[in-house]
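Each chain gets a letter, A, B and so on, in the order the sequences are listed, and its residues count up from 1.
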Protein chains: 2
Amino acid sequence: MSPDSAVENAPAEKPLRSDAARNRERILAAAAEVFAARGLEATLDDIAAHAGLGIGTVYRRFPNRDALVEALFEERLAGVATMAALVLDEPDSWVALRRLLETMGAVVTADQGLFEVLICRPGGGGRAAVRETMLPIVTAVFGRAQADGHLRADVAPTDFPMMLRMLAGIGEATREVRPDLWQRYLELLLDGLRADRCGESCFTVAPIDPLDMDRVQHLGWPRR
Amino acid sequence: MSPDSAVENAPAEKPLRSDAARNRERILAAAAEVFAARGLEATLDDIAAHAGLGIGTVYRRFPNRDALVEALFEERLAGVATMAALVLDEPDSWVALRRLLETMGAVVTADQGLFEVLICRPGGGGRAAVRETMLPIVTAVFGRAQADGHLRADVAPTDFPMMLRMLAGIGEATREVRPDLWQRYLELLLDGLRADRCGESCFTVAPIDPLDMDRVQHLGWPRR
DNA sequence: ACGGAAGCGGAGGTTACCCCTCCACTTAGA
DNA sequence: TCTAAGTGGAGGGGTAACCTCCGCTTCCGT
């Protein structure tokens, strides 16, 4: 039907010229660094300068800011989901829980941009997918640790993103000075989460329910 | 010496006209609300609109933005320090610790502006004074709870502002939807802080030292 | 080695904010 | 009633971010 021989209805992305391909990678690398350090509000001019390129070059490759964010985080989000899924293989349910929090804590404290796409922004496109991947993992890991009596019974899956928020706040503030500090507070949280303590206690305040979680994201983004 | 009879070298603040005094209070009330909800980055136009007054009126009363912030937070900061000092009278050292975190947690989660003045901004003027008031209180409360064997021994005074940061993050995100939610995570932190548990554990990551705390504040303010 | 398509840089247009001033009008209160 | 004090809000001045445009440069097939 088409006059073209082989490539039928593919979008026909002809390969970039070699210098353009190299610059594309530079832009993505610079964007990764800048978004990690300053969050998604970093400017494209900043990113271009960081890449050692002109702004025009950035816009030639990515039609607008969101396209860049999308291209940058698509693969990283998939990677995060994959990493999180790894903990399901951990035989010890408490270790699985700790590894889940360590893994995701490391992600959100090291990379502010990734934290924002993952936790803060209303889900759309790849974001929704990752969160839908995460929920069953969190539920499974929490459930197993609770069944084994390691994790206190009154913890809910929605506590997970909230704890990540707490750690991300530490990370954002102290990343430049003490990039490991967040782990101290992860340890603190983990000690609070353990069920096998002498002094039993239970929360007097209910967890946030998933619908309100959505409202939190929609109210808080874009940054008012 | 002066031609004036009674009022010598007093600043001679002549009383405001009644409507002006009323509007001054309105401005302060509006500023309190807006700064609480949106932080110190809120605009003066916003505050004026919120007060139902023109911007000119705001500037007539407060020569610039900082003067308004100063006037607004001077008394509140003093109040915070006073409230914090109250917990020193609590006989039970663990209850004192909890009350300290509850009190300050309530402050920083309900009022984002106050949190920023208190924890985020580099200290200057009244801020430094409050922080100098807080440090001995925190040290005393922590020390007593540790001596009594309630608080784990490896907690440091600098953990206090970090925990407030964590709670403030929860507060900022969920204030509009679940203004009480932060207390759930305070309970979690408190459970992590207790020393009298079966499974002893201690931090593998050192606390941040006070000098680095200062660096954190100076690096993070003004908001890049 | 050459020609043209693809790519590049970055000045600057456009838009959006925000701080603060200014001044014609209004109001309190002696 | 008269005037000093107060008021509103348009708009000046400045900054910042997004994105476009176009003259110049670089790649690469022939």
Exercise. Starting at CD1 of A:I55 and ending at P of C:dG7, how long is that distance when rounded to a whole Å?
Worked result: 19 Å
Seminar exercise, completed: From CD1 of B:I47 across to P of C:dC18 the rounded distance in Å is 11 Å
For this session: May I have the distance from B:N64 (atom CG) to C:dC20 (atom P), rounded to whole angstrom?
Result: 5 Å
For this session: Specify whether B:F160 and B:F142 have parallel, tilted or perpendicular ring planes, treating 30° as the upper limit for parallel and 60° as the lower limit for perpendicular.
Result: perpendicular
Exercise. Within the structure shown, what part of the strands sits under 4.0 Å from B:R61 by heavy-atom distance: base, sugar-phosphate, or nothing?
Worked result: sugar-phosphate
Exercise. Which part of the nucleic acid, if any, lies within contact of A:L44, taking any heavy atom under 4.0 Å across all strands shown: a base, the sugar-phosphate backbone alone, or nothing?
Worked result: sugar-phosphate
Exercise. Given that A:E41 and A:G56 both sit by DNA chain D, which one's nearest nucleotide is further toward the 5' end?
Worked result: A:E41
For this session: Tell me which of A:A21 and B:Y59 sits closer to the 5' end of DNA chain C, going by the nucleotide each one is nearest to.
Result: A:A21
For this session: Please tell me which of the listed nucleotides, D:dG6, D:dG8, C:dG12, lies nearest to the side chain of B:T57?
Result: D:dG8
Exercise. Is A:N23 near enough to C:dC8 that one of its side-chain N or O atoms lies under 4.0 angstrom from OP1 or OP2?
Worked result: yes
For this session: Check whether any side-chain heavy atom of A:C120 sits under 4.5 Å from a side-chain heavy atom of A:R165, and report yes or no.
Result: yes
Exercise. Between B:L40 (CG) and C:dC18 (C1'), how many Å, whole number?
Worked result: 16 Å
Donor-acceptor list for residues 182-189 of chain A side chains, cut-off 3.5 Å, not counting sequence neighbours:
from	atom 1	to	atom 2	distance (Å)
A:W182	NE1	A:T109	OG1	3.3
A:W182	NE1	A:P179	O	3.4
A:R184	NE	B:D159	OD1	2.9
A:R184	NE	B:D159	OD2	3.4
A:R184	NH1	B:V205	O	2.7
A:R184	NH2	B:D154	O	2.8
A:R184	NH2	B:D159	OD2	2.7
A:Y185	OH	B:D159	OD1	2.4
A:E187	OE1	B:T204	N	2.8
A:E187	OE2	B:T204	N	3.3
A:E187	OE2	B:T204	OG1	2.3

Seminar exercise, completed: Closest to the side chain of A:A20, out of D:dC27, D:dC18, C:dG7, is C:dG7
Exercise. Could B:R22 and B:D19 be called an ion pair, given the rule that one side-chain N must be under 4.0 Å from one carboxylate O?
Worked result: no
Exercise. Looking only at side-chain N and O atoms, does A:R24 come under 4.0 Å of OP1 or OP2 in C:dG7?
Worked result: no
Exercise. How close or far is atom C1' of C:dC17 from atom CZ of B:R65, stated in whole angstroms?
Worked result: 13 Å
Exercise. Can you tell me how far C1' of D:dT7 sits from CG of B:L16, to the nearest Å?
Worked result: 14 Å
For this session: Take the protein atom CG of B:L68 and the nucleotide atom C1' of C:dC20, then report the distance between them rounded to whole Å.
Result: 14 Å
Problem set entry | SB check A:E70 A:R127 (cutoff 4.0 Å) | yes
Exercise. Between A:R17 (CZ) and C:dG4 (C1'), how many Å, whole number?
Worked result: 11 Å
Seminar exercise, completed: From the candidates C:dC19, C:dG7, D:dC28, the one with an atom nearest any side-chain atom of A:S18 is D:dC28
